[in-house]
Amino acid sequence: MKQLTVVSGKGGTGKTTLSGSFAYLARDAVILDADVDASNLHLLFPVQVETKMPYSGGKKAFVDEARCTGCGICQELCRFEAIALDGGVARVNPFSCEGCNACAVFCPETAIHMEPVQAGWVQRGNVSGMPLVDGELFPGEETSGGLVATVRKEGQGIAQQHKYGKILIDGAPGTGCPTTSSITYTDFVVIVTEPSQSGLHDLERIVRTVDHFAIPKGVVINKYDLEEGTSARIEQYCATEGIPLMGKVPFDPEVVRAIREARPVVTQPSPAAHAIRDLWEEVQRRVF
Amino acid sequence: MYRIAILSGKGGTGKTLVSTNLAWCLHETGLRVHLLDADAEEPNDALFFPPWEYEEKLVQKRVPSVDLQKCSVCGECTRNCAFSAIHVSPGKALVLENLCHGCGLCTRVCPQNAIVEVPRTIGKVRFGVFPGGMHFSEGELHIAEPSAVPVIRELKKTLDPSAQVAIFDSPPGASCPVVEAVTGADFALLVSEPTPFGMHDLKAALATVSTLGVPSGVVLNRMDAASGDYIAQVEQMGGTLLGTLPFRREIAVAYAQGKLFAREFPEYVPFFEELAAAIWKEGKA
């Protein structure tokens with residue numbers, strides 16, 4: 001089983017546009033949306049949801065106000081400023097509570113206990129015969145990295161059970177926990193960038209992140225013709241770093257039209273669709 | 001001081017574009033503006049301004065260190081750690097610093113007092129002044145560190161108390177780093193784009209800011225001839241549309257080259273002035 005993740009560092013460079021087209025072209029893969037803060041891949045396909053499972057991220061502290069004497073030990077212990085005395089009783093701010101349990105362990109009245117809290121959903125569905133797993137995090141929740149890990153575990157289970165040889169993962173922007181959680185132990189990472197100062201700056205950071213986990217990688221420049229000078233600098237950077245440039249996709253109004261029509265861009269001919277098909281050939285040669 | 005957090009849900013919709021240009025336009029009107037780049041995983045605001053002089057401060061979290069001479073391998077630390085970040089065996093201690101949240105519980109439950117906390121650097125904040133006088137701060141999370149939240153927390157402490165307007169360029173998404181960046185804001189400005197992706201993620205971002213009780217408004221970026229329906233969609237999901245920016249190649253190119261498009265094309269300055277006026281009207285008094 002081979003796993004491929006599409007990431008970008010900078011948001012909005014075209015991760016989901018590429019992932020959606022890869023999914024359409026792959027025909028026999030398990031598709032995972034690991035951008036759980038902003039899961040959009042399902043919007044490109046008519047998805048039939050098969051199961052929806054609650055995701056419990058971690059635990060949070062709850063105070064039994066009848067037993068709380070307002071001694072304030074919990075407030076002193078909490079490193080996350082998540083618990084404070086209010087009118088003589090301890091109150092927990094659930095957005096700040098990281099579930100460490102310190103307050104519960106040291107409450108002299110045993111007035112605090114921890115409870116698992118649902119932080120989102122994991123959904124399993126079907127797109128034109130292929131399994132799709134995605135996650136949805138509740139607004140403002142933490143542990144998005146944990147949700148990504150859960151989505152991937154579910155996807156690997158399906159791949160093993162139904163003998164799929166490919167897992168395609170649409171990753172998260174940034175370099176933090178959801179991103180690293182979407183690339184660990186994968187076989188290849190496709191990094192999508194765009195020709196802007198921000199794109200290049202973020203490309204350098206995501207390359208270092210992928211290198212930290214020692215995963216093979218390649219770069220795609222999306223909308224390369226919007227600013228050809230910067231595109232040339234990105235190509236130069238890739239050459240210097242020895243990173244394979246796997247493809248260049250032109251700016252094409254057809255891409256936005258396809259998203260608005262809720263379909264992958266490769267479903268109709270256009271300059272971008274042509275470039276993405278070539279790119280998919282290159283991905284197959286290198287990865288699968 | 002009036003604090004504006006700029007966020008988006010979906011990445012790449014124009015948070016940095018709006019943050020930098022809005023900050024610059026307000027600075028030009030004579031307000032004391034402090035721009036803070038809270039997208040610590042990918043901070044880009046500084047690219048749009050000339051080189052600046054700054055002070056730098058390391059952001060550290062505390063992680064456990066086990067004194068193996070004192071450790072009796074009782075396993076109390078492992079049993080208590082909610083994050084599976086510490087494991088001991090005879091002659092060895094494994095601390096998974098990436099998983100550690102720095103809560104300090106292991107140090108307190110160790111019956112041998114064998115665990116102390118040592119600092120681990122996870123990022124930095126820089127703060128200073130751009131040529132021209134605008135205050136600026138940025139956070140940067142070190143590569144492969146999982147959480148930008150402590151960096152954003154430190155970044156907020158660099159806020160110039162004499163600033164009249166603080167603009168926080170927030171991370172994408174709708175989870176913990178966004179919550180940290182938006183907490184304490186007087187107003188949240190949500191930047192989205194007229195696509196199903198933009199609308200889906202705007203909905204999540206709106207839910208996050210309303211959960212936090214922060215008043216908000218929406219800017220739709222990259223509007224074109226086929227975008228009209230999306231204005232109605234924003235209103236249907238309970239968003240207040242404060243303005244739209246057109247899709248223009250000249251804006252994209254200025255952005256790509258690291259230029260402030262409102263400075264390159266002054267005809268866009270009134271857009272930001274009107275946007276600010278709408279924010280003062282909609283936000284907390």
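We name chains A, B, ... by the order of the sequence lines, and we start the count at 1 in each one. The figures that follow rest on heavy atoms only: side chains count, while hydrogens, waters and symmetry mates do not.
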Output the option from B:T183, B:L141, B:D45 having the highest count of non-hydrogen pairs under 4.5 Å with chain A.
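Most pairs with chain A among the choices: B:L141.
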
Distance, nearest 0.5 Å, that separates [atom1] of [X] from [atom2] of [Y]:
| X | Y | atom1 | atom2 | value |
| --- | --- | --- | --- | --- |
| B:F83 | A:N101 | CZ | CG | 9.0 Å |
| B:E42 | A:L203 | CD | CG | 9.5 Å |
| A:E204 | B:I143 | CD | CD1 | 10.0 Å |
| B:D39 | A:D202 | CG | CG | 7.5 Å |
| B:N98 | A:T180 | CG | OG1 | 7.5 Å |
| A:E141 | B:S175 | CD | OG | 9.5 Å |

Closest approach of [X] and [Y], non-hydrogen atoms and distance?
| X | Y | answer |
| --- | --- | --- |
| B:G173 | A:D37 | CA-OD2, 3.2 Å |
| B:L105 | A:C100 | CD2-O, 3.4 Å |
| B:R249 | A:D225 | NH2-O, 3.1 Å |
| B:A204 | A:P139 | O-CB, 4.3 Å |

Suppose a student defines contact as a heavy atom less than 4.5 Å from any heavy atom of chain A. Which residues in residues 251-261 of chain B would they list?
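Only B:A252, B:V253, B:Y255, B:A256, B:Q257, B:G258 of residues 251-261 of chain B have a heavy atom under 4.5 Å from chain A.
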
Should the pair B:R153-A:E81 be classified as a salt bridge under the 4.0 Å nitrogen-to-oxygen rule?
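Judged by the 4.0 Å cut-off on N to carboxylate O distance, B:R153 and A:E81 do not form a salt bridge.
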
Is it the case that B:S227 and A:R260 place a side-chain donor and acceptor less than 3.5 Å from each other?
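Their side chains do contain a donor-acceptor pair, which is all the 3.5 Å distance test asks for.
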
Check the angle between the aromatic planes of B:F247 and A:F251 and answer parallel, tilted or perpendicular using the 30° and 60° thresholds.
parallel

Chain B contact via [X] - which portion, at a heavy-atom distance below 4.5 Å:
| X | result |
| --- | --- |
| A:E227 | side chain |
| A:T175 | both |
| A:S198 | both |
| A:L137 | side chain |

Centroid separation B:H142 to A:H212 less than 6.0 Å
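For B:H142 and A:H212, the ring centres are not under 6.0 Å apart.
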
Heavy-atom distance under 4.5 Å to chain A: side chain of [X], backbone, both or neither?
| X | answer |
| --- | --- |
| B:A148 | neither |
| B:L212 | side chain |
| B:P194 | both |
| B:A205 | neither |

Give a yes or no on whether the backbone of B:P43 and the side-chain of A:H201 come within a donor-acceptor separation of less than 3.5 Å.
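Yes; judged by distance alone, with no hydrogens or angles, the pair exists.
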
Salt bridge (charged side-chain N to carboxylate O under 4.0 Å, His left out) evaluation trace for B:E140 with A:R205:
CA-CA 11 Å; B:E140 184 188 334; A:R205 283 181 58 86; 3.2 Å; yes

Picking from [options], which has the most non-hydrogen pairs under 4.5 angstrom with chain B?
| options | answer |
| --- | --- |
| A:G9, A:G99, A:P173 | A:G9 |
| A:G229, A:P195, A:S39, A:A119 | A:S39 |
| A:R208, A:Q197, A:R79 | A:R79 |

